[in-house]
Amino acid sequence: MSKPEFVYITYIGTTPEKLWEALTSSEFTRRYWFNTDVRSDWKVGSAIALVMDGKTTDVGEILEADRPRRLSYTFKHVSDEELKQEPASKVVFALEPHGKVVKLTLTHEGFVEGGKMLDGISKGWPAILASLKSLLESGTAVAIPLAALGIEGIE
Amino acid sequence: MDITSFKPTLVYTIYIASTPRKVWQALTGAEFSRQYFFGNSVEIDLKAGGAFIVRTPDGALHISGKVIECEPEKKLTVTFNVNWPALIEKLGQTLVTYEIEQAGEAVRLTLTEAHDRPISDDILSGGRQGWPAILSSLKSVLETGKPLAVKLAPPQRMLDALKAMGIATP
């Protein structure tokens, strides 16, 4: 059986440079990522913190930062009592020019079998990345309430 | 047709700033589909048992199937069989389901591809590559009025696997 991971591909009408900026700038992420700041200096080995509505939800370390092609960091949940028992996972964003658009492949891996983290991120990422795509293409993020995602424990 | 034996091989979820009605029209309309589905046009008789056809830009039959479930603006299930000789005989039918739900001010569209027998990753690579491009472009058409210019060739690993199974592709 294959190891538990989540892979999501989307195509965005933008440039790799603009997409990189949108993934790494809190000015952008606040607008499409459930009001989350992504705080880091984006150097390999540096810390990263995801801060939602002023509360740190996830922390990690930058593993790769090859602007504007590939970004990866470890991802350890630190907010929810149950989820924070799970080990750190790893997020990779791969940005590839594809004609006039960019193919974004997100891979999130390193989950325990039967854990709740995988279910949560599997429902969260499509909403975050759909809103990111809208923001870059139309200038307006999509208003998706967290409660609409169907994640257990979030209402 | 008994669809209970079909198991999902791909689930893809995308959120669209639109309404269930517009998403339904985009999924079932020929004019709409030509914009986001690599120029292919969807022709569908919207009732259980009705025909489901996809034609290439030159009018050739590309995919044929039947409507299995049809709940306008909520759920559409069709058999989705690419028109390559021996495909159904060797791989069985492909089942595709679209589910449309309101999510705040947006619409959640969930696509599920399912099969009634184990299918290799090589064969499944076609859908895994194609669906994100098709649905990303559908979202762009509905939100911006403009499709994405995504050009994709079928994955070589899929073509090789089909050839090895004796399934002829154009």
Side-chain angles (χ1 to χ4, degrees), chain A residues 1-3 5-15 19 31-35 94-107 118-151 154-155, chain B residues 7-20 22-23 35-38 99-113 118-121 124-153 155:
Chain A
M1 199 175 146
S2 59
K3 51 186 183 166
E5 64 171 18
F6 177 77
V7 180
Y8 192 86
I9 296 170
T10 188
Y11 292 82
I12 305 177
T14 188
T15 64
L19 178 54
R31 295 167 67 189
Y32 69 81
W33 194 330
F34 302 114
N35 201 30
L95 294 64
E96 300 166 74
H98 199 92
K100 290 180 180 167
V101 307
V102 182
K103 178 184 183 185
L104 173 64
T105 304
L106 167 109
T107 307
L118 177 61
D119 178 66
I121 64 96
S122 298
K123 289 169 179 163
W125 282 122
I128 293 164
L129 298 179
S131 193
L132 163 65
K133 174 174 158 69
S134 298
L135 181 59
L136 286 169
E137 291 183 1
S138 74
T140 310
V142 190
I144 307 163
L146 252 183
L149 304 188
I151 299 173
I154 298 179
E155 287 170 7
Chain B
K7 301 279 179 285
T9 52
L10 171 81
V11 179
Y12 188 87
T13 303
I14 192 162
Y15 289 80
I16 306 171
S18 187
T19 64
K22 285 181 184 159
V23 172
Q35 294 184 67
Y36 64 79
F37 194 174
F38 306 124
E99 286 171 277
I100 298 169
E101 299 161 277
Q102 194 80 44
E105 293 169 28
V107 171
R108 174 168 51 232
L109 171 62
T110 306
L111 166 118
T112 306
E113 176 185 327
I119 305 287
S120 72
D121 282 336
L124 294 175
S125 69
R128 286 174 183 156
Q129 174 186 275
W131 285 117
I134 293 164
L135 298 177
S136 290
S137 191
L138 183 156
K139 174 177 162 72
S140 296
V141 170
L142 285 170
E143 293 184 1
T144 70
K146 285 182 287 188
L148 286 183
V150 183
K151 286 202 171 60
L152 288 177

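Naming convention: chains lettered A, B, ... in sequence-line order (proteins, then strands); numbering from 1 in each chain. Note that the structure is predicted; figures quoted are calculated from it, not measured.
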Considering residues, nucleotides and ligands other than Glu96(A), do more than 12 of their heavy atoms fall under 6.0 Å from its CD?
yes

Under the criterion side-chain contact (heavy atoms from CB on, under 4.5 Å), I'd like the reasoning laid out for Arg128(B) against Val7(A): C-alpha separation, chi angles, the key distance, then a yes or no.
CA-CA 10 Å; Arg128(B) 286 174 183 156; Val7(A) 180; over 6 Å; no

Before you tell me yes or no, could you show the steps for Tyr12(B) and Thr10(A) under side-chain contact (heavy atoms from CB on, under 4.5 Å), namely the whole-Å CA-CA distance, both residues' side-chain angles and the distance that decides it to 0.1 Å?
CA-CA 10 Å; Tyr12(B) 188 87; Thr10(A) 188; 3.9 Å; yes

Pair Lys103(A)-Leu152(B), side-chain contact (heavy atoms from CB on, under 4.5 Å): steps then yes or no:
CA-CA 11 Å; Lys103(A) 178 184 183 185; Leu152(B) 288 177; over 6 Å; no

Tyr11(A) OH to Ile134(B) CD1 distance, which is reported to the nearest 0.5 Å:
10.0 Å

Distance in Å, Ile9(A) CD1 paired with Gln129(B) CD, rounded so as to fall on 0.5 Å steps
8.0 Å

Turns out that what part of Ile12(A) lies under 4.5 Å from chain B's heavy atoms comes down to backbone

Select one option (side chain, backbone, both, neither) describing which atoms of Thr13(B) are under 4.5 Å from chain A's heavy atoms.
both

Quick check on Ala133(B) against chain A: is it the side chain, the backbone, both or neither that has a heavy atom closer than 4.5 Å?
both

Taking Ala130(A)'s backbone N and O only, do any of them form a donor-acceptor pair with Lys139(B)'s side chain (distance below 3.5 Å, no angle check)?
yes

Can any side-chain N or O of Lys151(B) pair as donor or acceptor with the backbone N or O of Gly99(A) at less than 3.5 Å?
no

Counting heavy-atom pairs under 4.5 Å to chain B, which of Gly13(A), Ser122(A), Pro126(A), Gly150(A) comes out on top?
Pro126(A)

If you tally heavy-atom pairs under 4.5 Å between each of Gly139(A), Pro145(A), Ala143(A) and chain B, the highest tally belongs to Ala143(A)

Any donor-acceptor N or O pair under 3.5 Å, side chains Thr144(B), Glu137(A)
no

Does a side chain donor of either Ser138(A) or Glu143(B) reach within less than 3.5 Å of an acceptor in the other side chain?
no

